[in-house]
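I have placed the structure first, in the form of structure tokens, so that the comments after it can refer back to it.
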Amino acid sequence: CASRAPRAPAPPGPPARGAAGGEVAPARAARTFAGGRVVRVALAEGVARPRVGAEGAWAIVAGETGETLLRGAALDAVTIERRGAELRALGPAGGTSWRRGPLVLRALGGQPVVALGGRRYRGELWMHAAAGGGVTVVDRVPAEAYLRGVLPLELAGERPDDEAARQAQAVAARSYTYSRLAEFLPRAAAVARAQAPFDLRATVADQVYGGVAVERASADRAIVATAGLVLRYDGAIASAPYHSACGGSTAAADEVWGAERAPYLRAVRDVAPDGRAYCADAPRFTWTRTWDAADLDAVLARYLRQNAARDAGGPPDGAPGAARGVDLLGRTPSGRNAAVAVRTEAGRYLLRGNAIRFALRTRGGDILPSTYFSASTEGDGTGRIARLVVRGGGNGHGVGMCQWGAIGRARAGQDFRAILRTYYPGTTVELVD
């Protein structure tokens, strides 16, 4: 869902303040952050010997029975080991026996703050034997407390007049979260989700989640002010994707993800009455990427085949070889590239939608900021590309809320409900219960 790189967290801010600028009552904030469904967030998947602990006293319990297996004090870390389908915890004061089923690290007393590899999280940690080997560590945390570790990494705006954008982000992120929980999924999907060890990942695959260290007062205010509010469409909780900057127009879901069609995820022109895009202040409102022959061939060799569809006849297996041409094949209704054909010595590769961004990376592995671009090439006189230049606009997949656009709209005086109506047309803002 998130499409912008996490930024370095700021130092903890002052106490949370209400929507009107006053401080939020501590009791109200405590009730809010303890509220909502429990969300299962994968912090690490398939890792060897993760180290976990807590700020205060803690216990390791059996996930299936609740039996206490081991106790420890603050700053005592334990290592989780795996043998086949079994897990055990080893710490300075001893360890547990090998057991099937998940192990749970639970903080005892006070605020439940646990830690994985020194990074602190609210809730409790569940350790599972990962299907592909190693250990998967999952934070089970109340939804509102989870959002405290999401919002500061997902929205850049920190000015006082960005408050409506932060509130819109809180509702969008909460809606995205709840739309992934088994309780709110169709029956077949709900059964599969309930059997899985987690609901979301703590990365850009879902929403970037940084735990306690990234929490800040401005985000807390937005969470408290919108507590329990989600987007609904036709009665169901709406999946509410968002991205950093749209470049002047958001994209419909099927432009980016093919078969996915949601009536409230359609292209929206995002330009102010003066003709300026609402997201014009975004750091990547416009951008340029350049590859020389060596860089382009290296990138295509690494990323092209895994993202490209086979064209008529299909290229042979093996490396694509030197690039000979990049052809832009039409535009989507929002102005993005519908498809790109890359011609190489091995054949013609066809890229569609968001796959374009994952194939045309920098040599360092960064994906293309968006599919909203033009391209020009220079030849080397032998039919090969000597230089490729891509000039584009926007940052992210383009579907749903434009985060920098939301900031621009907030600074223009729009409230969070108006912002959400713009980016998710046809939805309503309602309490989850």
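For the numbers below, each heavy atom of this structure counts, side chains included, while hydrogens, waters and symmetry mates do not.
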Sorted by chain and residue number, the ring pair (Phe, Tyr, Trp, His ring centres under 6.0 Å) partners of Phe285 (sequence neighbours excluded) come out as none
Over 60° means perpendicular and under 30° means parallel, so tell me whether Tyr233 and Tyr264 are parallel, tilted or perpendicular. tilted
Do Glu55 and Arg120 meet the salt-bridge criterion of a basic N to acidic O distance under 4.0 Å?
-> yes
Next on the checklist: For a quick check under 3.5 Å, do Ser249 and Arg269 share a side-chain donor-acceptor pair by atom type?
Outcome noted: no
message = So does Gly149 get a backbone contact from the side chain of Arg122, meaning a donor-acceptor N/O pair under 3.5 Å?
response = no
Taking every heavy atom of Ser175 against every heavy atom of Ala240, the minimum-distance pair comes out as CB-CB, 4.1 Å
Using a 4.5 Å cut-off on heavy atoms from C-beta on, say whether the side chain of Leu420 contacts that of Val429. yes
Contacts satisfying salt bridge (Lys or Arg N to Asp or Glu O under 4.0 Å) that involve residues 32-46 (not counting sequence neighbours) are Arg37-Glu183, Arg37-Asp433, Arg40-Asp199, Glu45-Arg201
Practice problem: Without swapping roles, check the side chain of His397 against the backbone of Val399 for a donor-acceptor pair under 3.5 Å. | Solution: yes
query = Between Gln169 and Gln403, is any side-chain donor less than 3.5 angstrom from a side-chain acceptor?
reply = yes
Problem set entry | Test: Asp161 and Arg159 ion pair at under 4.0 Å | yes
| Heavy-atom check, side chain of Thr177 versus side chain of Leu147, under 4.5 Å | yes
Mark yes or no for whether Trp287, through its side chain, and Gly394, through its backbone, hold a donor-acceptor pair below 3.5 Å. yes
* Asked: Yes or no on salt bridge (Lys or Arg N to Asp or Glu O under 4.0 Å) for Arg106 and Glu124, after CA distance, side-chain angles and deciding distance?
  -> CA-CA 5 Å; Arg106 185 170 293 157; Glu124 55 187 32; 2.8 Å; yes
| task | Measure from the side-chain N and O atoms of Arg361 to the backbone N and O of Phe358, and report whether any donor-acceptor pair falls under 3.5 Å. | result | yes
Q) Sub-3.5 Å donor-acceptor pair from the side chain of Ser334 to the main-chain atoms of Ala267, do we have one? A) no
Residue pairs passing the salt bridge (Lys or Arg N to Asp or Glu O under 4.0 Å) test with at least one member in residues 224-241, sequence neighbours excluded, are Arg232-Glu430
**More than 12 heavy atoms of other groups within 6.0 Å of Arg331 CZ** = yes
Validation row: Val212, Tyr121 side chains within 4.5 angstrom (heavy atoms):
no
Practice task
Can you establish whether the number of heavy atoms outside Arg302 located under 6.0 Å from its atom CZ is more than 12?
Solution key: no
Point to revise | Non-hydrogen side-chain atoms of Tyr209 and Leu43 separated by less than 4.5 Å | key: yes
Any donor-acceptor N/O pair, Asp76 side chain to Gly72 backbone, under 3.5 Å:
no
Polar contact flag, side-chain donor to acceptor under 3.5 angstrom, Asn337-Tyr372: no
Quiz item: So, does Glu154 use its side chain to make a donor-acceptor pair with the main chain of Leu151 at under 3.5 Å?
Solution: no
Are Tyr349 and Asn307 linked by a side-chain donor-acceptor pair shorter than 3.5 Å? no
| field | Arg387/Asp380 salt bridge by N-O under 4.0 Å criterion | value | no
Across all chains, not counting sequence neighbours, the ring pair (Phe, Tyr, Trp, His ring centres under 6.0 Å) partners of Tyr303 are none
Q: Answer yes or no: are there more than 12 heavy-atom neighbours, outside Leu75 itself, under 6.0 Å from its atom CG?
A: no
Should Asp270 and Tyr423 be marked as a side chain to side chain donor-acceptor pair (under 3.5 Å) after you check the CA-CA gap, both sets of side-chain angles, and the distance that decides it?
CA-CA 9 Å; Asp270 202 20; Tyr423 293 117; 2.8 Å; yes
ask   = Is it true that Arg421 and Asp415 have a side-chain N and a carboxylate O under 4.0 angstrom from each other?
value = no
Taken in chain and number order and not counting sequence neighbours, the residues that satisfy salt bridge (charged side-chain N to carboxylate O under 4.0 Å, His left out) with Arg148 are Glu215, Asp220
Query raised in the report: Would a 4.5 Å heavy-atom cut-off, applied to side chains only, mark Val114 and Trp58 as touching?
Result: no
- Message: Could you check whether Asp295 pairs with Arg363 (Lys NZ or Arg NE/NH1/NH2 to Asp/Glu carboxylate O, under 4.0 Å)?
- Response: yes
Side chains of Leu181 and Arg193, heavy atoms from C-beta outward: is any pair under 4.5 Å?
no
Residues at least two apart in sequence or cross-chain that pass side-chain hydrogen bond (donor to acceptor under 3.5 Å, both in side chains) with Thr422, listed by chain then number, are none
